[in-house]
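This report refers to the structure that appears directly beneath it.
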There are 2 protein chains.
Amino acid sequence: MHYSSVMGEVPGLRERKKLRTRQALITEALRLFLEKGYEQTTVSEIAMAAEVSTRTFFSYFASKEEVLLHHVRESLDRALRTVAERRSDDSPADLLARVVATAFEATMGSAEMRRDSASITQLMMTVPSLRAYGLLLLFDTQRELAEALHQACPEELDLIEASAAVGGVIGAVKLAGFICLRRGGSPDEVAEASRRAAEIAIAGMRAVGKGETPGDPALGNR
Amino acid sequence: MHYSSVMGEVPGLRERKKLRTRQALITEALRLFLEKGYEQTTVSEIAMAAEVSTRTFFSYFASKEEVLLHHVRESLDRALRTVAERRSDDSPADLLARVVATAFEATMGSAEMRRDSASITQLMMTVPSLRAYGLLLLFDTQRELAEALHQACPEELDLIEASAAVGGVIGAVKLAGFICLRRGGSPDEVAEASRRAAEIAIAGMRAVGKGETPGDPALGNR
DNA sequence: TGCAAACTTGCACTAGATGTACTTTTATGG
DNA sequence: CCATAAAAGTACATCTAGTGCAAGTTTGCA
């Protein structure tokens, strides 16, 4: 080592270039998608704009969808971490509530992020293949999230209850938020809708584990 | 009219052929998918097996995914009808419970259907693009379902509450069922898991509209 | 029998995605 | 400072899903 004796301080030229290329692809992709539409933009054009070959694009992102939704994976990982760091006095319901709140905070935090995620949300609402890919990412993460929640609260929730809780809360927030947005709701209204949805869904699980799931006659309970 | 004076009795040769072709495509597709895997099967092979041109395949199904998941759309439409036919003495929760029960009945009804849907489910679990497409269908239907539920119960539920209810229940059932299945659960166990999940999710909405949504401090309620 | 509408087909073409072999760039040890 | 290997990037070939179009073929019906 010639330049620095402190471990891990300078990322190295190679790493820096890689990161720059990656960022260029992301930026140019979003710009082009907004400028001329997702389907009208080809991968080759994105690569051209970022000054790399088409083949190189696919060594950074596995698909055209991924270049736009890479950040989704990150926020989902954050949610996983939130669950893993359960505070000792959290009830499962509290924990899930904080997951939702944290996720919201993260996507709506800075103004710049709010602008970007608004554009991306807009694209997801109008382009089916993006919606499908987003739903896939979200679903696959929910599986991990359910396992994590069960691990974090092994005494209160069995795996099925944890699944129902995670699936219920995320499903409720997802649909309510989306429908509110579709109706032309402002960011504040969307946030409020999501909050109410989470509240409704979480109300169901507060009853669980207190020995008072009464059974639902309409479901053919035995 | 030469053959029959009763309106709508005989579907006509053209219609019958179309139906036969459609069925042949569906059957051959499923057979090939199971025989050699989804990704390993090309649309051209399916068309060949059903003795039509590749081009014709795409005049019956818009995508390779659709030939496998055409029935999903049907069962989702059935769910929509169930909501539209609300009985006067149903609470929203009862109604949603019946939607879930009816959907289950429909997919698990006959032995033949159970066998087919087991194969299809297996494929959906292992093939990402199928999972994504299925999730997309389900999500888009949920939007309609939420609107229908709101229409059916305009006094009890506003649109956001209806969204939360639909999203919550379906999200819970979906994830719990899937996770149970992944763990090698038997059909009975999956059914039981889904039932419990629906119960938990529906418990949340029984509280709604009774003036007793207490607010959740962890969600930053005002 | 003949005509029109519906259905099917072949063909050309675009675009996403992958494998491979080759060149350029970066890291590092002597 | 140079040799060398590892890593990244590129060119090229190929495969498949999916679409548009201009034929041809079958069916419905008068």
Side-chain angles (χ1 to χ4, degrees), chain A residues 1-25 28-29 32-33 36-69 127-130 132-133 136, chain B residues 1-5 7-25 28-29 32-33 36-70 127-130 132-133 136:
Chain A
M1 298 185 201
H2 289 273
Y3 47 91
S4 168
S5 55
V6 183
M7 180 190 102
E9 187 167 345
V10 176
L13 177 56
R14 187 172 280 171
E15 296 301 313
R16 272 179 288 149
K17 274 200 174 178
K18 251 174 71 172
L19 222 66
R20 247 187 23 222
T21 303
R22 187 183 153 84
Q23 197 51 55
L25 285 170
E28 296 302 303
L32 285 167
F33 290 161
K36 44 184 282 191
Y38 178 81
E39 272 123 348
Q40 284 66 47
T41 305
T42 70
V43 171
S44 149
E45 286 171 320
I46 301 170
M48 204 109 72
E51 297 183 301
V52 291
S53 74
T54 307
R55 192 69 186 76
T56 296
F57 175 94
F58 286 106
S59 77
Y60 279 87
F61 302 99
S63 69
K64 191 178 164 187
E65 286 88 29
E66 200 180 308
V67 72
L68 196 63
L69 297 188
V127 183
S129 85
L130 286 175
Y133 187 74
L136 180 63
Chain B
M1 298 188 203
H2 288 275
Y3 47 91
S4 168
S5 55
M7 181 190 101
E9 186 166 346
V10 176
L13 178 56
R14 187 172 279 172
E15 295 302 313
R16 272 180 287 148
K17 273 199 174 180
K18 252 174 71 171
L19 221 66
R20 245 181 31 216
T21 302
R22 186 183 153 84
Q23 196 52 53
L25 285 170
E28 296 303 303
L32 286 167
F33 290 162
K36 44 183 284 188
Y38 178 81
E39 272 125 350
Q40 284 66 47
T41 305
T42 68
V43 171
S44 150
E45 286 171 320
I46 301 170
M48 204 111 68
E51 300 182 299
V52 291
S53 73
T54 306
R55 194 66 188 78
T56 297
F57 175 95
F58 286 107
S59 77
Y60 280 86
F61 302 99
S63 71
K64 192 178 163 187
E65 287 89 31
E66 197 179 310
V67 71
L68 197 63
L69 298 188
H70 63 98
V127 182
S129 83
L130 285 175
Y133 186 73
L136 180 62

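Within every chain, numbering begins at 1; the chains are lettered A, B, ... in the order of the sequence lines, protein sequences first and strands thereafter. The structure presented is a predicted model; accordingly, all values stated were derived computationally and were not measured. Heavy-atom basis, side chains included; hydrogens, waters and symmetry copies ignored.
Contact annotation: B:K18 reaches the phosphate of C:dC7 (side-chain N/O to OP1 or OP2, under 4.0 Å). In this model, the phosphate group of D:dG18 is not approached by any side-chain N or O of B:K64 to a distance below 4.0 Å at OP1 or OP2. Contact annotation: A:T56 side-chain N/O to D:dT10 OP1/OP2 distance is under 4.0 Å. Regarding contacts with the backbone of D:dG9, a side-chain N or O of A:Y60 is found under 4.0 angstrom from either OP1 or OP2.
We find that CD of A:Q40 is positioned 13 Å from C1' of C:dT14, with the value rounded to whole Å. For the pair A:Y38 OH and C:dA15 C1', the computed distance is 11 Å after rounding to whole Å. To the nearest angstrom, C1' of C:dA17 lies 12 Å from CD of B:E39. Here D:dG18 presents its P atom at 10 Å from CD1 of B:I46, a figure rounded to the nearest Å. In this structure, the CZ atom of B:R20 is 10 Å from the P atom of D:dT27, given to the nearest Å. Taking atom CZ on A:F61 and atom C1' on D:dG9, their separation rounds to 16 Å, with Å as the unit. Here the P atom of nucleotide C:dT14 and the CD atom of A:E45 are 13 Å apart, to the nearest Å. Across the protein-nucleic acid pair, B:K36 atom NZ and D:dT16 atom P stand 9 Å apart, rounded to whole Å.
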**Report entry** Working for side-chain contact (heavy atoms from CB on, under 4.5 Å), residues A:S129 and A:Y38
**Finding:** CA-CA 10 Å; A:S129 85; A:Y38 178 81; 3.8 Å; yes
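A side-chain donor from one of A:T56 and A:S53 sits under 3.5 Å from a side-chain acceptor of the other.
Within the 4.0 angstrom heavy-atom criterion, no nucleotide atom of any strand lies near A:S129. Counting non-hydrogen atoms under 4.0 angstrom, A:T54 reaches nothing in the nucleic acid.
Not one N or O on the side chain of B:E28 forms a donor-acceptor pair closer than 3.5 Å with the backbone of B:L25. In this structure a side-chain-to-backbone donor-acceptor pair under 3.5 Å is missing from B:K17 to B:G12.
Checked against C:dG16, D:dA17, C:dC11, the side chain of B:F58 finds its nearest nucleotide in D:dA17. Across C:dG10, D:dG9, D:dA7, the shortest atom-to-atom separation from the side chain of A:R14 is found for D:dA7. Among C:dT8, D:dT26, C:dT26, the nucleotide with an atom closest to any side-chain atom of B:K17 is D:dT26. Here D:dT16 is the nucleotide among D:dT10, D:dT16, C:dA17 with the atom lying nearest to any side-chain atom of B:T42. Set against D:dA17, C:dT8, C:dT9, the side chain of B:V52 has C:dT9 as its closest nucleotide.
In this structure, A:K18 and A:Y60 have side chains that are in contact, with non-hydrogen atoms separated by less than 4.5 Å.
Scanning atom types as modelled, one donor and one acceptor separated by under 3.5 angstrom connect the side chain of B:R55 and the base of D:dG20.
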